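None of the values given here were measured: they were computed from a predicted structure.
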Amino acid sequence: MASSSFFLWLLLFAVALAAVESIPVFVPGAYKSSLLKKQVKSAKPEIPYEAHYFPQVLDHFTFRPRSYKIFYQKYLMNSQYWHEGAPIFVYTGNEGDIEWFAANTGFMLDIAPKFRALLVFIEHRFYGESLPFHKKDLNSAKTLGYLSSQQALADYAVLIRSLKRNLSSEASPVVVFGGSYGGMLAAWFRLKYPHVAIGALASSAPILQFDDITPWSSFYDAVSQDFKEASLNCYEVIKGAWTELDAFGKRKDGLEKLSKMFRACKKLSSVDYARNWLWSAFTYTAMVNYPMEANFMKHLPAYPVEEMCKIIDGHSPRATKLSRAVAAASLYYNYSKTEKCFKLEDEDNDHGLQGWNWQACTEMVMPMTCSNGSMFPPSPYSYKEFADDCNRQFGVWPREHWITTEFGGMRINLVLKRFGSNIIFSNGMQDPWSRGGVLKNISSSIVALVTEKGAHHVDFRSATNKDPEWLIDQRRQEVEIIQKWLQEYYADSKQD
């Protein structure tokens with residue numbers, strides 16, 4: 001086994017960052033993990049947007065000569081329904097290629113005709129094509145030091161203001177949208193730049209996943225609860241599979257046996273690869289436990305957690321728990337039944353992964369543990385070991401309290417009740433990230449829309465004729481609230 005500190009940071013994303021015993025830590029938007037890269041690179045999404053590139057400054061917060069270095073920030077635009085003075089809906093890009101987010105945020109395209117809205121998707125600096133430096137130079141604090149959520153928010157503000165001037169439509173109201181990490185950015189943008197955006201829809205945004213605001217075990221407790229609700233036997237089989245897996249690591253022929261059981265494309269060099277493969281499948285499936293067939297992170301059936309549990313429950317009770325868990329996890333990787341073997345040791349990296357590693361090692365410090373009640377092995381959290389790993393990798397130390405210092409989070413109800421306005425926090429309780437989200441109304445205009453069956457920003461997906469009533473109702477409420485913000489804005493504008 002690895003040392004007592006083994007973290008797998010998964011970006012959109014799985015990135016091996018540190019070494020904490022057996023606990024992969026998942027980041028809010030895991031769309032381009034190493035397990036997904038083949039799919040992402042081979043299937044460029046077809047989207048009704050035109051790409052543009054904005055000359056963005058490197059550093060918004062200092063006035064040194066290097067601060068004025070220009071890089072070209074990609075953004076996508078659809079003006080099909082828009083006219084001068086109509087609203088502008090902006091997606092605050094996550095940690096990845098902006099086209100991927102545009103392709104999976106059909107909700108904005110669905111509602112654009114109603115509002116005559118201009119749609120804009122802005123790519124996050126240091127991801128996709130929006131690279132301030134050459135890829136080969138993105139490996140140290142000298143360059144990555146300009147990658148932060150604060151710089152990204154300032155990018156969005158500068159770009160939006162410039163766009164409105166160029167369109168001769170400075171009176172157009174702006175509403176920002178974001179899912180997962182992008183949802184965190186949308187909420188923070190509304191708080192930091194209320195003069196730029198009149199409101200924000202933050203879907204599956206775990207802005208309370210920092211410090212000790214949310215119990216550290218909540219994420220994996222939620223994953224476990226999803227499987228337990230589907231089938232108690234399923235939960236117990238997965239919970240017992242880890243002990244059987246570890247036993248293989250102590251056998252001379254253990255890795256060879258595991259390689260066959262997991263249908264690995266090449267012989268495994270460590271039990272850890274098999275563990276992460278299983279862990280990732282169960283965690284991601286809980287996140288995207290959508291009520292419809294989807295091809296977001298992987299091609300999966302509707303309610304894939306239930307389908308996994310049907311596989312486990314359908315096996316003979318004489319079968320080992322590990323073999324049943326492997327059969328269930330295979331649904332995540334091979335629902336389409338096109339894979340002859342699995343690349344469990346795919347260690348390819350790309351800039352997107354490196355970018356989130358940096359953010360996780362500087363500002364995005366989200367402690368996670370596994371409790372005894374989890375279906376995953378009990379795992380502690382050591383800030384010291386995590387920080388030491390970050391320092392070895394980048395030569396910097398995490399600022400573990402910076403996010404709550406910069407954006408708040410502690411006693412958020414009292415703080416935002418009098419200060420903030422016009423934010424929708426939408427969450428589905430099937431999504432493990434929901435536990436770090438805002439789940440109760442804070443005021444009449446800072447609203448929490450919570451669905452029991454919802455998964456990771458499912459409300460942002462395109463509407464289909466198979467959508468359940470609760471999802472239709474959730475989107476209806478979002479549209480009504482946004483419409484109210486816009487009506488108030490236009491009414492106030494007439495009185496000026």
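- Panel note: side chain Thr105, backbone Phe460; no donor-acceptor pair is recorded below 3.5 Å.
- At a cut-off of 3.5 Å, with distance as the only test, no side-chain donor of Glu363 or Trp358 sits close to an acceptor on the other residue.
- Rounded to the nearest 0.5 Å, atoms CZ (Phe71) and OH (Tyr53) are 13.0 Å apart.
- For Lys484 and Glu480, the salt-bridge test fails: no basic side-chain N is under 4.0 Å from an acidic carboxylate O.
- Nearest heavy atom pair, residue Asp226 against residue Val305, reads O-CG1, 3.7 Å.
- For CZ of Arg399, the number of neighbouring non-hydrogen atoms (other residues, nucleotides, ligands) closer than 6.0 Å is 12 at most.
- Side-chain atoms of Gln359 and Tyr181 include a donor-acceptor pair closer than 3.5 Å.
- Of the N and O atoms on the side chains of Thr369 and Ser379, not one donor lies less than 3.5 Å from an acceptor on the other residue.
- With His457 as the fixed residue, the ring pair (Phe, Tyr, Trp, His ring centres under 6.0 Å) test singles out one of Phe101, Phe107, Phe296: Phe296.
- His299 and Glu293 are linked by a side-chain donor-acceptor pair at a separation below 3.5 angstrom, with hydrogens and angles left out of the test.
- Within 6.0 Å of atom NZ in Lys164, more than 12 heavy atoms from other residues, nucleotides or ligands are found, so the atom counts as buried in its surroundings.
- Residue Arg476 places its CZ atom among more than 12 non-hydrogen atoms of other residues, nucleotides or ligands, all under 6.0 Å distant.
- Checking side-chain atoms of Thr143 against main-chain N and O of Ser140 turns up a donor-acceptor pair under 3.5 Å.
- Remark: Trp485 pairs with no residue by the ring-ring contact (aromatic ring centres under 6.0 Å, His included) rule, at least two apart or across chains.
- Within 6.0 Å of atom OH in Tyr72, 12 or fewer heavy atoms from other residues, nucleotides or ligands are found, so the atom counts as exposed in its surroundings.
- A search for side chain to side chain contact (heavy atoms under 4.5 Å, CB included) contacts involving Lys114 returns Val479, Gln483, not counting sequence neighbours.
- Ring-plane geometry between His124 and Tyr156 is classed as perpendicular, the angle between the planes exceeding 60 degrees on a 0 to 90 degree scale with a lower cut at 30.
- In this structure, Ile47 and Leu76 approach most closely via the heavy-atom pair CD1-CD1, 3.7 Å.
- Here the straight-line distance linking atom NZ of Lys298 with atom OH of Tyr333 works out to 7.5 Å at 0.5 Å rounding.
- There is no side-chain donor-acceptor pair under 3.5 Å between Glu50 and Asn78.
- The CE atom of Met297 sits 8.5 Å away from atom OG1 of Thr285, with the distance rounded to the nearest 0.5 Å.
- Of the charged side-chain nitrogens involved, none lies within less than 4.0 Å of a carboxylate oxygen, so that Arg392 and Asp388 do not count as a salt-bridged pair.
- Side-chain N/O atoms of Ser434 and Asp431 include no donor and acceptor closer than 3.5 Å.
- Shown are Asn357, Thr362, Asn139; of these, the side chain to side chain contact (heavy atoms under 4.5 Å, CB included) with Phe394 is made only by Asn357.
- When only modelled atom types and interatomic distance are considered, Asn289 and His456 share no side-chain donor-acceptor pair under 3.5 Å.
- Once rounded to the nearest 0.5 Å, the distance linking CH2 of Trp216 with OG of Ser371 reads 14.0 Å.
- For the residue pair Asp221/Ser217, the side-chain donor-acceptor check at 3.5 Å is satisfied.
- Shown here is Phe63, whose CZ atom has no more than 12 heavy atoms of other residues, nucleotides or ligands within 6.0 Å.
- Residue Met410 holds its CE atom at 5.0 Å from CG of Asp212, rounded to the nearest 0.5 Å.
- In this pair, Phe121 and Tyr91 present their aromatic rings parallel. The plane angle is below 30°, not in the 30 to 60° band.
- Between Gly420 and Leu191, the shortest heavy-atom distance links the atoms CA-CD2, 4.3 Å.
- Counting only residues at least two apart or on different chains, the salt bridge (Lys or Arg N to Asp or Glu O under 4.0 Å) pairs with a member in residues 181-206 are Lys192-Glu406.
- Rounded to the nearest 0.5 Å, atoms CG (Asn427) and CZ (Arg435) are 9.5 Å apart.
- By the 4.0 Å N-to-carboxylate-O rule, Asp155 lies close enough to Arg125 to be salt-bridged with it.
- At a cut-off of 3.5 Å, with distance as the only test, no side-chain donor of Gln393 or Asp389 sits close to an acceptor on the other residue.
- Remark: Glu170 CD is packed, more than 12 non-hydrogen atoms of other residues, nucleotides or ligands lying under 6.0 Å away.
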